[in-house]
Amino acid sequence: MSEKIVYLDNNATTKTCQEAIDNMIPFFAEQYGNPSSMHDFGGEVAQYLKKARKQVAELIGAADPNEVIFTSCGTESSNMAIRGLTDPHKKHIITTKVEHPCVLNVTKHLEKNHGYEVTYLGVNAEGELDLEEFKDSIRDDTALIAIMWANNETGVIFPVEKMAEIAKEKNPKVLFFVDAVQAAGKIPVDVKNTKIDMLGISGHKIHAPKGVGAIYIRKGTLITPFMLGGHQERGKRGGTENVSGIVALGEAAEQALNYLDDEATRVKAMRDKLEKGILSKLFNARVNGSRLHRVPNTTNISFEYIEGELILLHLSDLGICASSGSACTSGNLEPSHVLRAMGVPFTAVHGSIRFSLSRYTSNEEIDYVLKQLPDVIHKLNAISPFQKELKELKEIKESAKALKCALGDKRCCEQ
Amino acid sequence: MWEYTEKVKEHYKNPKNVGTIENPDAVGEVGSMACGDALKIYLKIDKNGIITDAKFQTFGCGSAVASASALTEMIIGKSVKEAENLTNQDIADFLGGLPEQKMHCSVMGKEALEAALSSFKGEPTEKKIKGRIVCGCFGVTEDKIREVVKHNTLNTVEEITNYTKAGGGCGKCKGDLQKILSEEVAKRSNGKKEKPLTKTQQILKVNSILENYVAAELRKDGGDIELVDIEDNKIYVNLQGSCKNCPSSNLTLKNFVENVLREHISEDVEVIEA
Ligand code: FES
């Protein structure tokens, strides 16, 4: 491995920010009391939980901090929302084909073992939903709609605010859950001005440590607790609070809110630079997913006719961390369900690489990747058995470029 | 992250023998884009049947590249005959081992080599695709599964997936895989029980079974039984005394003696009156 690490895998996990670390440390050896205890030593700790709750509420725009329940991770938040359904007569759920496994595997479980019927909405080539189809799928017996705000692989944003409106208009009783793990801290989230009932976030995706998450549950929303135990979290989630983690999450949430503008400007500019650079340098590169509706830190690029794991291994030797939708990188043998749902051809699915930036990414790092990546791709292109196809692809791309040039589109000439 | 050996890393970082050969004497191609890996190898074979050069191109992960690179290194300088005897385990061993879930990469190497060698010998290369497809997701045939289970002594469906990918998609074929696996495992253990026994041991064993479970019964009716010979799964016996001309003796032999011996030795035992 190289000495230098260029970390472009922030949708997988992030570096814990210093503010979060500094704030959590006292709760290990100094203020280690249990916030539920009947002595001041423990009781004082409850103040810090309260503060963290407020900080998280501000990040997601909850009207009341008590609508924020702390959990152990994003996965738990999703489980809690979906498995907490209470009405035995409503057995229909709507979700999408491109959700995270923490939603898909739960709905599949309910389908298989609890008599639920689940509608899985498909996406178009850009990774976007058809809102008409969505509207049509809502029924009287629909208990829950679970839609992600931003996709972890492509960064594509779903119009969840609008969808919640559509849903409530057609069926006011339906519950609307949003997996906002990849949206929080990247784009503005203001849940109080929406019709969203529940919304899950994860700490370690927004520079808090691993092992802490939260779920927003709008006041008046009926949900059966998933983790039974003591009266913590107002009885909605038993178990002694992960105090240090929660304090860190609060701090990270506050920082994330402060950096939202930076994310939308500087981080986005770096992402765009990386993307444009790759597309102009490598003829077999193509972007997966809508470039219009996307979180500012993510780009998913396929390198046709070469395989993703191999690209990652070579990048890793250069200290560059990214991830891939290739089958070879996951435990199972199927490539990314997200890219498959978008109809991305096999020639491109296996060679897909996701670069996800953060506020800690620097311009120099982007330059470094742009300098190193072409050599890696050229080397791997040479190994591919699909030389004929690569050659054809190159010719097509070049003539398209020449055509654009001839038509006076300046963009084609800039490198 | 996979745990790749240093040798695997060395081979995917700087693979040996990448490319094509002009006018090759043999070409082998396996895998497909849809499955996520493909391998093409080219061989140069001289008139003495020695592989003088080998090159490859592959679409696949780190261990696929390493397996192909290792394969070419291993066969250059070998005779076609020697190359034919190469197994996927040899490729994995050459690399100091592969992660379990990546064993299919070594199998792919072996298959590409087989395809190339049979094209060299002028055999129809479609042979590989023939046979019932068990796993639709990855196009894996029954023949291939049986072969891989046998050669690598596999014991679980999960291992079959690791070695052939079959079962790694929708999972629909897992029932079939289990059936094939059980059959192969049964064959294997039958082979095991009998093979190590010498002829004398076999005779002793059969004799003791006859003595303990059969003779006593027959003697009750004034008859007896004697072991004459054993030949593979055929056991020749002599019936004596009042059994000899008893019209039901054949029935006695078939139903009773055979059942007893089958229960104690193996399902395919055949009893014959000498
Ligand atoms: S048929 Fe074998 S995994 Fe789908």
Side-chain angles (χ1 to χ4, degrees), chain A residues 1-2 9 12 108 112 284 302-318 321-337 339-340 344-353 375-376 378-391 393, chain B residues 1-2 4 8-20 27-42 55-66 68-69 99-102 104-105 112 135 137-138 140 158 160-171:
Chain A
M1 208 165 65
S2 130
D9 201 10
K108 275 187 208 152
K112 200 167 157 212
N284 59 332
S302 277
F303 298 93
E304 293 195 76
Y305 301 106
I306 57 179
E307 202 278 325
E309 181 197 304
L310 198 58
I311 302 171
L312 290 186
L313 292 170
H314 281 82
L315 289 180
S316 173
D317 286 335
L318 296 163
C321 309
S323 71
S324 168
S326 141
C328 296
T329 55
S330 63
N332 72 43
L333 292 161
E334 296 269 38
S336 154
H337 69 287
L339 300 185
R340 291 298 299 138
V344 175
F346 278 115
T347 52
V349 169
H350 291 288
S352 67
I353 302 290
D375 288 346
V376 169
H378 290 146
K379 182 174 167 182
L380 300 184
N381 280 351
I383 297 181
S384 174
F386 302 103
Q387 292 301 322
K388 203 180 89 215
E389 290 84 348
L390 276 167
K391 202 171 145 236
L393 184 65
Chain B
M1 192 80 193
W2 305 107
Y4 286 135
V8 172
K9 288 186 192 163
E10 199 183 299
H11 276 271
Y12 73 65
K13 274 185 209 169
N14 292 303
K16 308 271 178 358
N17 308 311
V18 172
T20 59
V27 179
E29 195 175 357
V30 290
S32 78
M33 182 57 95
C35 292
D37 43 20
L39 172 61
K40 207 166 171 181
I41 66 168
Y42 305 80
K55 288 251 183 317
F56 78 93
Q57 291 171 319
T58 188
F59 171 79
C61 55
S63 52
V65 173
S69 170
E100 266 295 298
Q101 287 111 310
K102 294 282 189 177
H104 58 84
C105 294
C135 177
C137 289
F138 292 103
V140 190
E158 198 185 325
I160 296 184
T161 307
N162 291 340
Y163 279 69
T164 67
K165 292 188 169 191
C170 68

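Numbers restart at 1 for each chain; the letters A, B, ... are given by sequence-line order, proteins then strands.
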Test side chain to side chain donor-acceptor pair (under 3.5 Å) applied to A:S384 - qualifying residues, sequence neighbours left out: none

Applying a strict 4.5 Å limit to non-hydrogen atoms, the region of B:C170 in contact with chain A is backbone

Atom CZ of B:F59 and atom OG1 of A:T347: how far apart are they, to the nearest 0.5 Å? 8.0 Å

Using non-hydrogen atoms and a 4.5 Å limit, figure out which bit of B:T20 sits close to chain A: side chain, backbone, both or neither. neither

Indicate the atoms forming the closest heavy-atom contact of A:P385 with B:A38, along with that distance. CG-O, 4.2 Å

Backbone of B:G62 reached by a side-chain donor or acceptor of A:E309 within 3.5 Å: yes

Do B:Y12 and A:H314 pass the side chain to side chain contact (heavy atoms under 4.5 Å, CB included) test, and can you show the C-alpha distance, the side-chain angles, and the key distance before you say yes or no? CA-CA 9 Å; B:Y12 73 65; A:H314 281 82; 4.1 Å; yes

Flag yes if more than 12 heavy atoms outside B:E158 fall under 6.0 Å of its CD atom; otherwise flag no. no

Measure A:Y305 against the heavy atoms of chain B and call it side chain, backbone, both or neither at under 4.5 Å. both

I'd like to know if the side chain of A:K379 and the backbone of B:N14 have a donor-acceptor N/O pair within less than 3.5 Å. no

Could you grab the distance from atom CD1 of A:I311 to atom SG of B:C61, nearest 0.5 Å is fine? 12.0 Å

Going by the rule side chain to side chain donor-acceptor pair (under 3.5 Å), which residues pair with A:S336 if we only count those two or more places apart in sequence or in a different chain? A:E153

